[in-house]
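To keep things clear, I will list the structure first and then write my remarks on it.
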Amino acid sequence: MVGSRLLSRLPLLQLLPRPSPIHQFSLCSSTLRAQSSWHRSTPQRATAQRSHPPPFPFKPFKIFKFKMASDSDDDMPLARTNGRVSNAHISKSVDKAMDESNGSKPAPAGISIRNGPIVDEMDVDEPATNGHAKRKSRGSTSKPVNYNQQGSESEDDDIPLAKRQRTTTKVEESDSDDEPLATKKQPGKLPPKNTAILGESSDDDEPLNAKLAKKKATIEKKAAKEAKTIRAKDKKPAKKVKDESSEEDVKPKAKRKANGTTTAKKANGVKKEESDSDAPLAKKGAAAKGKGKAATNGKVKVEASPKKGAKKGESEEAEEVYRWWDAPKKEDDSIKWETLQHNGVVFPPEYEPLPKNVKLLYAGTPLTLSIEAEEVAGFFGAMLNSTHNVENPTFQKNFFADLKEIVKKTGGAKDKDGNKVDLKDFSKLDFKPIFNYYDAKNQEKKARSSAEKKADKAAKDEMEAPYVHCIWDGRKEQVGNFRVEPPGLFRGRGEHPKTGKVKQRVLPEQITINIGKEAIPPAPPEGHKWKAIQHDNKATWLVMWQENINGAYKYVMLAAKSSIKGQSDYKKFEKARQLKEHIDRIRKDYERDLKAELMADRQRATAVYLIDKFALRAGNEKDSENEAETVGCCSLKFEHVTLKPPNTVVFDFLGKDSIRFYDEVTVHEQVFKNLKIFKKAPKKEGDDIFDRLNTTQLNKHLTNYMPGLSAKVFRTYNASFTMSSLLKELPKKANLSMQEKIKLYNDCNRKVAILCNHKRTIGAGHEAQMEKMTDRIKGLRYQKWRIKHMILDLDPKQKKKKGAEWFEYEEGIDDEWIVEHIAFLVQEQRTKIEKKFAKENEKLVADGQKEMKAKELTDRLKEADVLEKKLKKEHKSKKVEAEGKGPSVEKFEANLKKLDERIATMNLQAEDREGNKEVALGTSKINYIDPRLTVVFSKKFDVPIEKFFSKTLREKFTWAIESIEDEDDWEF
DNA sequence: AACCCTACTTAGCATTTACGAA
DNA sequence: TTCGTAAATGCTAAGTAGGGTT
């Protein structure tokens, strides 16, 4: 039993044979990412010839579209019309049946045991597959679909099938047969099972679960209580929401929208409108005089504030900040500005052709390409060290297709004699010369003297100065991303079907400018014109264009520290706080609706439960043909959820950015039962779990409780509320060191990050660094041992007093290690002496004196020999002679104390590092944790805010830092 | 409801800069 | 000072969400 449990915890890959040489995969599970295989493969650089891409994936199979009149069950609407669906109603008998099949008593609900125990119970609903095994189908984008299978599906007349287009992309990995299972299975980052992330001991499963459950329950109860108090205080009785039908009395958004004059048409019409955009231009020029600030040449005059002269603290003093948090609230916040002027965007530099001797090779032949084709080749060549892109077959396929196209369109590829070269085989291309060229260029750039670098930077800053700021309602505000994205290769994440395609250079003709009517619009580059100029003051963007890969919109907006972003940040957190007033009612309702007879209601309730408890994202529909297949709550599929009786649920799917979400949780019994129903046959892999729910419906339901409430608010709410609770719980111990306080805060932060599944790749050197740290700690323990024995040397009676045990080795060190350590110390000493010697000699020479003789060095090195002898002797005899002048037991005890302190801080650091290795704290700090919580903590614990917020973060959160100034009792 | 369009937030990784140990 | 690492910042992809249209 114990054995099998242990076994089940072992990462699968360790049990599998080594991969074939062609695909050597890193076996470090933690570094494996969503994208399978090709990246992180071999340590050698992938030259084009070497990294034979397997034959390209097949064209995706299109799944036939089926049109069905309506749900076979009844006429209830379906949220999702693809795949197999559930019945619209849940009959008593089905409900009952699910009850009966439910085995033993359930564990406490609503908790994650992501790192805890793994119940070795088989799945209820599936053949014995574990998360990894299932990953296979998932990992290769989707289940292996074939026409036969489809055919059999279509025969199943009772099941309504796709009304909406549903396509499945199948990326076959040609050599998949050779590939060991493990390499493909690994979809993303997975926290190691045995790391106690929550800082609690994980060696003892039951109590941990119980503890966590209790904690969570307490937090929730607290939330409910708070909600009640707030409502009582406010005395504005929150509206009762029973179901969708009552929604008429609450019309939050629509109303607000209605009273603003609509410029929506204008915004929508960007495309159609292009033609008339030039005419108004002239008029505007005349109108621009209104605001005196516009300079003649259309540039906004902004003192570039190079802070050369006023280097001191008051350099910023001229820029008085707009303290919007002190200003009265705006009545209509759909109007974002009254006047707006800016200078548009900075375009990336034009392409610089390669020198004549640097060429792309095809089967060894240098190719002459058009400048356009050469540029595209250069995109690839420049990123050769990004193996994770460059070795990805999809990336190669997409890139090669685009390269061939541009080559063909621009006159073909020629050899040195002008003969046409047909590019047939990607693997025959060699980008090495191009790579080397760019690499050398980079080195050169890096090698510039610091003065040179400074000068270059200054020149660049000056060039960009006009774009850094805009004038928003007469105030100077910083612009965020004023640089147009340069052309390159699209780096889609995960198994993005379009990754590697050429991202084209953006032309002014594609760019729309949004600017005040009163302002002079920036002039397009010589010989060009803008796509359009508009004056939509309900939009916050200054410049917009559409990218060619996905047709995605790219916006130039203000920086995070700007008032407008600050305000919306503030609003976001206020909205999350507002949720506190409604959360108990929402929870009560969904608990009730978990048993709803209507499938749609039951699914919705279940989804809200998951979103609330496990911080899942909403899970909008995605276009499976053109995007990586990732999911959120509403888009969870059959294979992403595994059920283990009595009430354990395993989530395993790729979420945003193709980051793996893996969590093993216990849920409310009814939730477990519901999931079972939602997965009931004939549903199978590939089918939606929530087939009668989508995010629109979900959010519409949530809005009933509170205007503006949507699924994502729960993430903010739960993150901030959790942080708040955790910080409150912190021990009120007095004399904590600064380090310890910071650690406490970071621990809370980390829990929130784990809740939100914020991950990062483990740094390459992590393992080595951890080792170094533990070694240093051991070194300190060794020193402790020595000092203790010095005490013994001075006063042998101490042996009785302290007890013999006190004089033994501390944890982690033993004879063997000490021998090593002594060697290390001696070597260290030697190096030190040598270095010092060399340095002194250098100085002597510089002063015109002659060097010391080598003999001097040998003499000095004897010191190290002496040390070695001494330490070895100590180690052998277990006796240490007291060191230092005027040695005393007291002094040594003081030393020990100091060592203990150092050990403690180092331990903290090491723990911190280990805990952080694959959790990214930043994202939650930037986006989810109400900054005011941090400010309050900083004040309460008397730790400067700088310890928590970097400069940019302090600027972004100025509103929080300033507005909490005199409110120590602020609560989320 | 399905679908498309738009605009905004959230996210991880890449690159740059700051910083601390040698 | 120099070097190497870690933190900070920059970049842009990938989400959410809501409105409009059909």
Side-chain angles (χ1 to χ4, degrees), chain A residues 33-34 77-81 163-165 189 252-254 257 262 264-265 267-271 336 383 385-386 388-389 442 446 453 457 480-481 483 485-486 488 490-494 496 498-499 503 514 536 538-541 544 546-547 549-555 557 559-560 564-565 568-569 572 617-623 627-628 630-632 634 655-659 694-700 702-703 708-713 715-716 756-761 763-765 768-769 772 828 831-832 835-836 839 913 916 920-924 926-928 949-953:
Chain A
R33 317 302 310 274
L78 285 167
R80 295 165 181 255
T81 45
K163 259 185 226 142
R164 182 164 49 75
Q165 173 188 32
K189 305 177 195 183
K253 215 127 253 183
K257 276 277 137 118
T262 179
K265 240 183 205 142
N268 292 344
V270 163
K271 267 191 205 138
K336 304 297 188 352
M383 60 192 291
N385 47 17
S386 168
H388 123 93
N389 288 304
N442 277 338
K446 248 190 235 154
K453 278 186 198 161
K457 173 119 191 334
N481 52 328
R483 277 177 276 260
E485 293 174 15
F490 175 69
R491 292 150 91 115
R493 305 185 189 157
H496 198 295
K498 294 190 174 179
T499 193
K503 191 166 105 170
N514 192 38
D536 180 1
K538 290 192 170 166
T540 67
W541 52 270
M544 180 268 277
Q546 234 171 334
E547 151 263 355
I549 310 270
N550 302 298
Y553 295 87
K554 301 290 189 154
Y555 299 92
M557 293 187 190
I564 191 71
K565 292 286 188 187
S568 75
D569 219 24
K572 172 183 78 185
R617 293 192 182 83
N620 280 331
E621 290 282 337
K622 292 187 78 184
D623 167 4
E627 293 175 279
T630 61
V631 299
C634 293
K656 183 176 179 181
D657 293 310
S658 292
I659 294 293
N694 63 30
T695 54
T696 309
Q697 294 167 322
L698 182 85
N699 285 337
K700 207 171 148 208
L702 292 175
T703 319
L709 183 60
S710 65
K712 87 191 269 279
V713 180
R715 257 168 95 79
T716 316
C756 297
N757 201 42
H758 291 144
K759 296 191 188 171
R760 62 172 191 170
T761 31
Q769 276 155 12
K772 213 163 128 191
E828 196 181 43
T831 342
K832 226 183 213 164
K835 272 200 177 153
K836 193 167 173 226
K839 210 166 196 173
R913 180 183 285 268
N916 276 345
L921 302 192
T923 307
S924 51
I926 294 171
N927 298 307
Y928 288 105
F949 291 156
S950 69
K951 180 168 164 286
T952 31
L953 230 39

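Predicted model only: the values in this text are computed from it and were never measured. Letters A, B, ... mirror the listed sequences (proteins, then strands); counts begin at 1.
- Listed by chain and number, the residues in a salt bridge (Lys or Arg N to Asp or Glu O under 4.0 Å) with A:Lys503 are A:Glu485 (sequence neighbours excluded).
- Partners of A:Lys336 by side-chain contact (heavy atoms from CB on, under 4.5 Å), not counting sequence neighbours, listed by chain and number: A:Trp472, A:Thr540, A:Ile564.
- A:Arg715 places its CZ atom 12 Å from the P atom of C:dG15, with the value rounded to the nearest Å.
- Among residues two or more places apart in sequence or in another chain, the side-chain contact (heavy atoms from CB on, under 4.5 Å) test is passed with A:Lys457 by A:Asp461.
- Taking atom CZ on A:Phe490 and atom P on B:dC13, their separation rounds to 15 Å, with Å as the unit.
- Atom P of nucleotide B:dC4 and atom CG of A:Asn694 are separated by 15 Å, given to the nearest angstrom.
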Would you list the protein and nucleotides 19-22 of chain B atom pairs, both N or O, that sit under 3.5 Å from each other?
unit_1	atom_1	unit_2	atom_2	d
B:dA22	O3'	A:Lys835	NZ	3.1

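- No engagement by A:Ala552 is indicated, since no non-hydrogen atom pair under 4.0 Å with the nucleic acid exists.
- Distance check: A:Trp541 CH2 to A:Asn481 CG gives 13.0 Å after rounding to the nearest 0.5 Å.
- Where A:Leu953 and A:Lys503 meet DNA chain C, the nucleotide closest to each residue was compared, and A:Leu953 sits on the side nearer the 5' end.
- Residues satisfying the side chain to side chain donor-acceptor pair (under 3.5 Å) test with A:Ser950, not counting sequence neighbours, are A:Thr952.
- For A:Ser924, the side chain to side chain donor-acceptor pair (under 3.5 Å) criterion is met by A:Asn749, not counting sequence neighbours.
- Nearest-nucleotide positions on DNA chain C for A:Pro486 and A:Asn699 put A:Pro486 closer to the 5' end.
- The line from NE2 of A:His496 to CZ of A:Arg491 is 14.0 Å long, rounded to the nearest 0.5 Å.
- For the pair A:Thr630 and C:dG15, the criterion of a side-chain N or O lying under 4.0 Å from OP1 or OP2 is met.
- Contact annotation for A:Lys453: no contact, since no heavy-atom pair falls under 4.0 Å across all strands.
- Between the CD atom of A:Glu621 and the C1' atom of B:dC5 there is a distance of 16 Å, rounded to whole Å.
- Across all strands shown, A:Lys457 has heavy atoms under 4.0 Å from sugar-phosphate atoms exclusively, and none from any base.
- Dashed line: the shortest gap from a side-chain N or O of A:Asn620 to OP1 or OP2 of C:dG15 is not under 4.0 Å.
- Comparing B:dG12, C:dA13, C:dG15 by their nearest atom to the side chain of A:Lys656 picks out C:dG15.
- Put simply, the side chain of A:Lys712 and the base of B:dT9 share no donor and acceptor less than 3.5 Å apart.
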Sort me out a list of protein N/O and nucleotides 1-7 of chain C N/O pairs below 3.5 Å, or just none if empty.
unit_1	atom_1	unit_2	atom_2	d
C:dA6	OP1	A:Gln769	OE1	3.1
C:dA6	OP1	A:Gln769	NE2	3.3
C:dA6	OP1	A:Arg913	NH1	2.9
C:dA6	OP1	A:Arg913	NH2	2.9
C:dA6	OP2	A:Gln769	OE1	3.4
C:dA6	OP2	A:Gln769	NE2	2.9

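- Checked against salt bridge (Lys or Arg N to Asp or Glu O under 4.0 Å), A:Lys572 has the following partners two or more places apart in sequence or in another chain: A:Asp569.
- The side chain of A:Lys565 places an N or O atom within less than 4.0 Å of a non-bridging phosphate oxygen (OP1 or OP2) of B:dT9.
- Checked against side chain to side chain donor-acceptor pair (under 3.5 Å), A:Arg715 has the following partners two or more places apart in sequence or in another chain: A:Tyr928.
- Distance A:Lys554 NZ to C:dT12 C1': 5 Å, rounded to the nearest Å.
- For C:dG15, the OP1/OP2 oxygens have a side-chain nitrogen or oxygen of A:Lys622 closer than 4.0 Å.
- Distance, A:Lys336 NZ to B:dT9 C1': 13 Å, rounded to whole Å.
- OP1 or OP2 of B:dA11 lies within a sub-4.0 Å distance of a side-chain N or O belonging to A:Tyr928.
- Considering only side-chain atoms of A:Trp541, the nucleotide from C:dA17, C:dA14, B:dC8 that sits closest is B:dC8.
- Phosphate contact (OP1/OP2 of B:dC8, side-chain N/O of A:Ser568, threshold under 4.0 Å): absent.
- Look at CG on A:Asn514: it is 14 Å from C1' on B:dC8, rounded to the nearest Å.
- Of the candidates B:dT9, C:dG15, B:dA14, the closest approach to any side-chain atom of A:Arg491 belongs to B:dA14.
- Side-chain contact between A:Met557 and A:Lys565: present, with at least one pair of heavy atoms (C-beta onward) separated by less than 4.5 Å.
- The side chain of A:His496 places no N or O atom within less than 4.0 Å of a non-bridging phosphate oxygen (OP1 or OP2) of C:dA13.
- When distances are taken from the side chain of A:Ala539 to each of B:dA7, C:dG15, C:dA17, the shortest belongs to B:dA7.
- A:Met544 has its CE atom 10 Å from the C1' atom of B:dC5, to the nearest Å.
- Distance check: A:Asp536 CG to A:Met544 CE gives 10.0 Å after rounding to the nearest 0.5 Å.
- A:Thr696 comes within 4.0 angstrom of no nucleic acid atom, judged by non-hydrogen atoms across all strands.
- For A:Thr923, counting side-chain heavy atoms from C-beta on, the closest listed nucleotide (C:dT16, B:dC8, B:dA11) is B:dA11.
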